[in-house]
Engineer: 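The structure is given below, and queries will be raised subsequently.
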Amino acid sequence: MVSSKDVAKHAGVSQTTVSRVLNTPELVKPKTVEKVMKAIEDLNYIPNDIARSLVQKKTGIITLISGPLHNPFFVDTTTAIVNYVNARGYKVNVYFGTEDNLHSIYNAVLETKADAIILSSMLYQDDLFFTLEKLGIPFIMFNRKHQENRHFVEIDNVQAGYLAANHILSLGHQSLCWIGGPHQMSTFFGRYHGFEKALKDHEIEAKSVPAFFTNTNKEDIEKAFEELLKLDRRPTAICAATDAIAIEILNLCLERGFQVPRDFNVIGIDNVELSKHHSIALTTVGITSEENLGFLAIEKLFEVMEKKSTCIQQTESVKLFPRNTTCKNELI
DNA sequence: CCATCTAAATGTGGGTCTGG
DNA sequence: CCAGACCCACATTTAGATGG
């Protein structure tokens, strides 16, 4: 391995001068710069980023703990976050959290010594929250919230669930159902809560409305869908807690020869890019901002790192995006 | 006194040497 | 055999040394 020391020896200068040539060349005599640059070329020297991190006491790494990419929401946010972080001259370490691998990921994340952490995979009650606060590592959650109610950027989940259900009910659907994820995630908890609220406003007993709380992988959603098909009174509309679930439902419907929205209305939440695709055109609920939630969160994280703000608590309002997977119920 | 350069300190984790 | 001292990898930064 060629180090700056070797370059210094080859160029006949001190190691310090090599460093200055690379970092502050305006402070070095042009002739010396030339000498050092030639030595760098001769020896194929490449600065060691790990050594740099050591002395600078920062790694230049932002760790992202994303949800799995089979959920298109995380495709959108990961893209936005990685692009933003790179544009700011930082590097990104990406981990994909699922419902059951979180704690092994946490260990690896802490050992990496990132300058800051942005994550969407944290439970409503999670010790990692306190660990990060104790360590003083800047961090932010997007699309998730911890019970301590700090360091998050989220959408108004209750409003989102409400708008989704309200849209379906306003279209005249009497029989609807809910398919969502586990409630130790704030997102699912909030969205279902909003869903229930809309039912109440339409004078429907929440208990009478079927609700499936499943893991968000393909197999479990399919199981929930099968259960749904066995119901005595088959719903005409399905409210999914996320676009990812909704798109999976669309697929399951098509596989079985059902038509959407003729046989089933389907609505999601998140307004992911994929939902806008004309071959899908999913009716959904999403933030009013042009940027996605990942972008909004990483922007905020940099504010925290630059000490412009200390604590982020941001809830984005949402609106309905009506598309082709919902329509008026013809039975009324 | 300024332009230009350098010695030494710095961080972490792991290896080696020392003395008891 | 073990605790503790000390050294190493490396690039950057600080404070200070040269030369003119």
Side-chain angles (χ1 to χ4, degrees), chain A residues 1-66 78 81-97 101-122 126-141 150-151 297-312:
Chain A
M1 270 288 283
V2 179
S3 72
S4 62
K5 218 172 177 175
D6 302 317
V7 175
K9 205 194 251 174
H10 193 265
V13 297
S14 75
Q15 185 194 29
T16 317
T17 305
V18 176
S19 178
R20 305 195 98 177
V21 166
L22 293 172
N23 296 293
T24 51
E26 66 277 5
L27 298 177
V28 183
K29 208 161 56 170
K31 216 165 184 178
T32 314
V33 173
E34 203 179 303
K35 256 195 328 194
V36 172
M37 290 310 286
K38 184 175 182 305
I40 287 173
E41 211 166 299
D42 286 352
L43 302 177
N44 298 315
Y45 166 70
I46 296 167
N48 185 325
D49 193 44
I50 294 172
R52 183 183 291 134
S53 305
L54 221 55
V55 64
Q56 286 185 325
K57 288 174 211 166
K58 57 175 209 175
T59 52
I61 293 172
I62 308 284
T63 291
L64 162 63
I65 310 179
S66 170
T78 300
I81 290 166
V82 171
N83 287 341
Y84 186 90
V85 170
N86 287 341
R88 298 289 299 252
Y90 281 76
K91 295 151 280 185
V92 198
N93 268 355
V94 186
Y95 293 84
F96 296 114
N101 71 347
L102 275 187
H103 282 276
S104 60
I105 284 180
Y106 288 172
N107 271 333
V109 165
L110 292 170
E111 287 181 4
T112 309
K113 308 280 178 212
D115 292 348
I117 299 177
I118 177 165
L119 68 169
S120 69
S121 292
M122 191 192 269
D126 201 321
D127 288 341
L128 180 68
F129 182 92
F130 301 105
T131 309
L132 292 177
E133 275 205 334
K134 220 182 287 170
L135 291 172
I137 300 173
F139 73 100
I140 196 160
M141 279 164 276
R150 294 191 289 274
H151 314 295
I298 191 67
E299 240 182 2
K300 289 288 166 196
L301 182 61
F302 270 85
E303 277 182 25
V304 175
M305 287 165 69
E306 288 158 0
K307 313 232 187 285
K308 283 186 200 150
S309 42
T310 48
C311 185
I312 306 288

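Atoms considered below: every heavy atom in the structure, side chains included; atoms not considered: hydrogens, waters and symmetry mates. Residue numbering restarts at 1 for every chain, and letters A, B, ... go by the order of the sequence lines.
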Engineer: In chain order, what residues pass the ring-ring contact (aromatic ring centres under 6.0 Å, His included) check against Tyr45(A), with sequence neighbours excluded?
Structural biologist: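 Tyr45(A) satisfies ring-ring contact (aromatic ring centres under 6.0 Å, His included) with no other residue.
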Engineer: Tell me which one of Arg150(A), Lys300(A), Glu303(A) satisfies side-chain contact (heavy atoms from CB on, under 4.5 Å) with Ile140(A).
Structural biologist: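 Running side-chain contact (heavy atoms from CB on, under 4.5 Å) over Arg150(A), Lys300(A), Glu303(A) with Ile140(A) returns exactly one hit, Lys300(A).
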Engineer: Might you confirm whether atom CE of Met37(A) has over 12 heavy atoms from other residues, nucleotides or ligands at distances under 6.0 Å?
Structural biologist: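 No, not enclosed.
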Engineer: Can you name the ring-ring contact (aromatic ring centres under 6.0 Å, His included) partners of Phe96(A), sequence neighbours left out?
Structural biologist: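 Once residues adjacent in sequence are excluded, Phe96(A) has no partner under the ring-ring contact (aromatic ring centres under 6.0 Å, His included) criterion.
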Engineer: Kindly state which residues belonging to residues 17-38 of chain A come within less than 4.0 angstrom of DNA chain C, counting heavy atoms of the residue only, listed by number.
Structural biologist: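 Ser19(A), Asn23(A), in order of number.
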Engineer: What residue pairs, at least two apart or across chains, pass salt bridge (charged side-chain N to carboxylate O under 4.0 Å, His left out) with a residue in residues 43-55 of chain A?
Structural biologist: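 Residue pairs passing salt bridge (charged side-chain N to carboxylate O under 4.0 Å, His left out), neighbours aside: Asp49(A)-Arg52(A), Asp49(A)-Lys91(A).
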Engineer: Output every pair passing side chain to side chain donor-acceptor pair (under 3.5 Å) with a member in residues 30-41 of chain A, not counting sequence neighbours, ordered by first then second residue.
Structural biologist: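 Side chain to side chain donor-acceptor pair (under 3.5 Å) check on residues 30-41 of chain A returns Lys38(A)-Asp42(A).
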Engineer: Using five base pairs at each end to define the local axes, how bent is the helix from dC1(B)-dG20(C) to dG20(B)-dC1(C), to the nearest 10°?
Structural biologist: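 It comes to 80° between the two terminal axes.
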Engineer: Looking at dA11(C), I'd like to know if its phosphate oxygens (OP1 or OP2) sit under 4.0 Å from a side-chain N or O belonging to Ser4(A).
Structural biologist: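 Answer yes for this pair, as a side-chain N or O of Ser4(A) is under 4.0 Å from OP1 or OP2.
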Engineer: Less than 3.5 Å apart, which donor and acceptor atoms pair up between the side chains of residues 17-26 of chain A and the rest of the protein, not counting sequence neighbours?
Structural biologist:
unit_1   : atom_1 : unit_2   : atom_2 : d
Thr17(A) : OG1    : Ser14(A) : OG     : 3.1
Ser19(A) : OG     : Asn23(A) : ND2    : 3.3
Asn23(A) : ND2    : Ser19(A) : O      : 2.8

Engineer: Going by the rule side-chain contact (heavy atoms from CB on, under 4.5 Å), which residues pair with Leu135(A) if we only count those two or more places apart in sequence or in a different chain?
Structural biologist: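 side-chain contact (heavy atoms from CB on, under 4.5 Å) list for Leu135(A), sorted by chain: Leu110(A), Thr131(A), Ile137(A).
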Engineer: Look at the aromatic rings of Phe302(A) and Tyr90(A) and report parallel, tilted or perpendicular, splitting at 30° and 60°.
Structural biologist: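 Phe302(A) and Tyr90(A): perpendicular rings.
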Engineer: Looking at residues at least two apart in the chain, or sitting in another chain, which of them share a ring-ring contact (aromatic ring centres under 6.0 Å, His included) with Tyr95(A)?
Structural biologist: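 Not a single residue meets the ring-ring contact (aromatic ring centres under 6.0 Å, His included) criterion with Tyr95(A).
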Engineer: Tell me which residues in residues 39-52 of chain A put a heavy atom below 4.0 Å from DNA chain B, sorted by number, or none.
Structural biologist: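 Close to the strand are Ala51(A).
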Engineer: Please say which of Ile298(A), Asn86(A), Thr78(A) ends up in a side-chain contact (heavy atoms from CB on, under 4.5 Å) with Val92(A).
Structural biologist: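 Single side-chain contact (heavy atoms from CB on, under 4.5 Å) partner of Val92(A) among Ile298(A), Asn86(A), Thr78(A): Asn86(A).
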Engineer: Could you list by number each residue of residues 54-64 of chain A showing a heavy-atom separation from DNA chain C of less than 4.0 Å, or answer none if no residue does?
Structural biologist: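 Contacting residues: Val55(A), Gln56(A).
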Engineer: Answer yes if the side chains of Asp126(A) and Tyr106(A) hold a donor-acceptor pair under 3.5 Å, and no otherwise.
Structural biologist: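 Yes, because at least one side-chain N or O of Asp126(A) sits under 3.5 Å from a partner of the opposite role on Tyr106(A).
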Engineer: Quick one: is dT6(B) close enough that its OP1 or OP2 comes under 4.0 Å of any side-chain N or O from Thr16(A)?
Structural biologist: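 No, because none of the side-chain N or O atoms of Thr16(A) sits under 4.0 Å from OP1 or OP2 of dT6(B).
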Engineer: Taking for each residue the nucleotide of DNA chain B with the nearest heavy atom, is it Gly12(A) or Gln15(A) whose nucleotide lies nearer the 5' end?
Structural biologist: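 Nearest-nucleotide comparison on DNA chain B picks Gly12(A).
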Engineer: With a cut-off of 3.5 Å and sequence neighbours excluded, list every side-chain donor-acceptor pair involving residues 57-65 of chain A.
Structural biologist:
unit_1   : atom_1 : unit_2    : atom_2 : d
Thr59(A) : OG1    : Ile61(A)  : N      : 3.3
Thr59(A) : OG1    : Lys113(A) : O      : 2.8
Thr59(A) : OG1    : Asp115(A) : OD1    : 3.2

